[in-house]
Asks: 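My questions will all concern the structure given below.
To find a chain, count down the sequence lines: A is the first, B the second, and so on, and within it residues start at 1.
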Number of protein chains: 2
Amino acid sequence: MTQIDRQSIPVPTLRRMPAYCNYLKSLSVKGIVYVSTTAVANDLNLIPIQVRKDFEYTRLSGKPKIGYNLELLIEAIEYILGWNKMSNAVIAGVGNLGKALLSYQGFKNYGLDIIAGIDQDKKKHGKEVAGRKVYPPEQIGVLVKENKIGIGIITVPAESAQLMADLFVKNGITALWNFAPVRLNVPADVVVQNENLASSLAVLSQRIKQQKEK
Amino acid sequence: MTQIDRQSIPVPTLRRMPAYCNYLKSLSVKGIVYVSTTAVANDLNLIPIQVRKDFEYTRLSGKPKIGYNLELLIEAIEYILGWNKMSNAVIAGVGNLGKALLSYQGFKNYGLDIIAGIDQDKKKHGKEVAGRKVYPPEQIGVLVKENKIGIGIITVPAESAQLMADLFVKNGITALWNFAPVRLNVPADVVVQNENLASSLAVLSQRIKQQKEK
DNA sequence: TTTTTATCAATATAAATATATCTATTTAAG
DNA sequence: CTTAAATAGATATATTTATATTGATAAAAA
């Protein structure tokens with residue numbers, strides 16, 4: 001029996017989910033009620049088989065000739081990603097990148113609300129970025145308690161990333177989104193998602209090189 | 001025969017390359033000359049077999065009990081990634097994210113020099129961000145010709161991303177690093193590397209959800 | 001020397017992911 | 001009512017990537 005284990009969704013599938021979600025929502029506002037995987041695949045430059053496979057993880061099933069119920073599909077994807085309930089986050093490091101993330105309102109659609117910034121720089125304390133206040137690192141404990149912070153975002157320089165991670169973990173945060181180019185050392189129960197621009201640049205660079213060689 | 005086709009390096013391997021590169025360089029400054037895959041794996045939280053597999057793509061071979069020659073290894077990785085020769089880039093969209101990328105000097109270590117910004121906003125024209133001037137979009141043609149721009153970085157809002165991509169392509173740029181959450185439509189010979197924070201957040205969110213269910 | 005040990009290299013296996021094929025079902029058109 | 005077209009769903013295959021195993025080799029130790 002080849003029953004799909006819906007508990008463990010492949011990462012590539014997960015990475016495609018937001019695109020599905022956005023696309024489906026854009027159809028929804030147009031008043032569309034059903035959508036076929038063929039249509040989705042067509043519009044998102046994917047192949048129908050893959051879309052169908054991905055949709056299988058929602059445990060929904062579509063109707064032949066009709067497709068999937070749009071609303072249920074959106075709901076199911078948001079449920080899978082946990083985007084149906086908002087998580088609060090704080091961001092450590094209010095430099096350019098930190099500011100960029102704080103200012104990007106789009107995360108709210110993804111169940112993420114960055115409610116405050118943390119920075120060493122005293123000049124920044126008390127100031128606001130995109131309506132979010134900046135606090136000193138010592139405040140993390142209070143922030144976490146008062147706001148049910150679930151996610152710590154790290155946009156500090158590489159040198160201080162581990163320190164910030166430790167501070168987050170010490171204050172009970174169990175999920176880190178790390179933009180610093182270092183591998184963080186954390187307890188096993190802490191989830192770390194690394195965002196590494198160098199990695200992406202490596203892929204791009206190599207593809208450019210290959211393209212030139214053709 | 002299972003000869004490895006070194007032309008097509010797996011993307012996961014490519015993504016690990018920068019970490020190797022940084023790590024190896026850090027050893028190099030300490031005066032170390034040889035390094036074993038066991039040591040690398042240990043320090044980078046990988047397994048030796050994987051490191052060895054990755055190193056195979058450099059076409060170098062190591063010596064038992066000794067390891068790989070550090071300098072040759074770094075050279076080979078930089079060659080693979082094309083990081084041995086600098087590429088010039090311009091960045092379209094000098095908002096927070098654009099500023100963050102412009103200000104991040106680290107890219108020079110990765111063979112990338114962002115030499116200018118492009119923005120619609122007239123107030124920004126002529127101003128400098130991290131020593132790089134901001135120009136109006138109409139200037140792209142001139143910039144490309146005068147500076148051998150190879151890469152266009154897109155950090156404009158989703159709505160205008162396709163427009164910027166078109167403009168880049170029209171002016172002969174064949175590689176795009178796209179931070180806008182849209183799928184760009186470009187000719188087949190243009191390389192596009194998409195950077196999608198929503199995708200990463202999806203993975204993180206789901207992992208958090210799973211962790212909680214344990 | 002000889003033996004031991006660390007490490008590489010080659011090969012094999014396993015796991016994850018992507019793609020293809022086929023069948024049954026449903027709807028819409030005739 | 002019947003038939004044809006479209007599509008989901010199940011299953012099979014291919015591809016990619018990760019991991020394991022085995023043997024060879026060179027350096028260090030006995």
Asks: Which residues pass the side chain to side chain donor-acceptor pair (under 3.5 Å) test with A:N88, not counting sequence neighbours?
Replies: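 A:N88 satisfies side chain to side chain donor-acceptor pair (under 3.5 Å) with no residue once adjacent residues are dropped.
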Asks: Heavy-atom nearest nucleotide on DNA chain C for B:T38 versus B:I49: which residue maps closer to 5'?
Replies: B:T38
Asks: Do the side-chain N or O atoms of A:R16 get closer than 4.0 angstrom to the phosphate oxygens (OP1, OP2) of C:dA18?
Replies: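 Yes, because at least one side-chain N or O of A:R16 sits under 4.0 Å from OP1 or OP2 of C:dA18.
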Asks: Could you state the CG-C1' distance from A:N45 to C:dT19, rounded to the nearest angstrom?
Replies: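 It is 17 Å, rounded to the nearest whole Å.
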Asks: Could you state the CD-P distance from A:E56 to D:dA8, rounded to the nearest angstrom?
Replies: 11 Å
Asks: Checking contacts here: which listed nucleotide (C:dT17, D:dA18, D:dA8) is nearest the side-chain heavy atoms of A:S36?
Replies: D:dA8
Asks: Tell me the interatomic distance from B:R59, atom CZ, to C:dC8, atom C1', rounded to whole angstroms.
Replies: 19 Å
Asks: Is the ring pair B:F179/B:W177 parallel, tilted or perpendicular, if the boundaries are 30 and 60 degrees?
Replies: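 The rings of B:F179 and B:W177 sit tilted, inter-plane angle from 30° to 60°.
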Asks: Rounded to the Å, how far apart are B:Q50 CD and C:dT7 C1'?
Replies: 18 Å
Asks: Considering only NZ, NE, NH1 and NH2 on the basic side and carboxylate oxygens on the acidic side, decide whether A:K99 and A:D119 come within less than 4.0 Å.
Replies: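 Judged by the 4.0 Å cut-off on N to carboxylate O distance, A:K99 and A:D119 do not form a salt bridge.
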Asks: Quick one: A:Y34 OH to C:dT27 C1', roughly how many Å, whole number?
Replies: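 Distance, rounded to whole Å: 13 Å.
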Asks: Is the shortest distance from a Lys or Arg side-chain nitrogen in A:R132 or A:D113 to a carboxylate oxygen in the other one below 4.0 Å?
Replies: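 Salt bridge flag = yes for A:D113 with A:R132.
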Asks: Quick check: A:F107 with A:Y104 (ring centres under 6.0 Å apart)?
Replies: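 Yes, they do, as the ring centres are separated by less than 6.0 Å.
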Asks: Just to be sure I understand the rule, does A:R15 reach a base, reach only the sugar-phosphate, or reach nothing, if contact means heavy atoms closer than 4.0 Å?
Replies: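 Contact class for A:R15: none.
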Asks: Among residues 61-76 of chain B, which ones have heavy-atom contacts with DNA chain C below 4.0 Å?
Replies: B:S61, B:G62, B:K63, B:P64, B:K65, B:G67, B:Y68
Asks: Any carboxylate oxygen within less than 4.0 angstrom of a Lys/Arg side-chain nitrogen, looking at B:K25 and B:E78?
Replies: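 Yes, B:K25 and B:E78 are salt-bridged.
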Asks: Establish, yes or no, whether the cationic atom of A:K209 lies under 6.0 Å from the six-membered ring centre of B:Y79 and within 45° of the ring axis.
Replies: yes
Asks: Calculate the interatomic distance between B:R52 atom CZ and D:dT25 atom C1'; express it in whole Å.
Replies: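 It works out to 13 Å between those atoms.
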Asks: Between atom CG in A:D54 and atom P in C:dT19, what is the gap in whole Å?
Replies: 11 Å
Asks: Base, sugar-phosphate, or nothing for A:T37, non-hydrogen atoms under 4.0 angstrom?
Replies: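 Sugar-phosphate contact only.
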Asks: Rounded to whole Å, how long is the line connecting atom CD1 of A:I47 with atom P of C:dA18?
Replies: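 In whole Å, C:dA18 P and A:I47 CD1 are 9 Å from each other.
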Asks: Please determine whether any donor N or O and acceptor N or O are separated by less than 3.5 Å between the side chain of B:K53 and the base of C:dT11.
Replies: yes
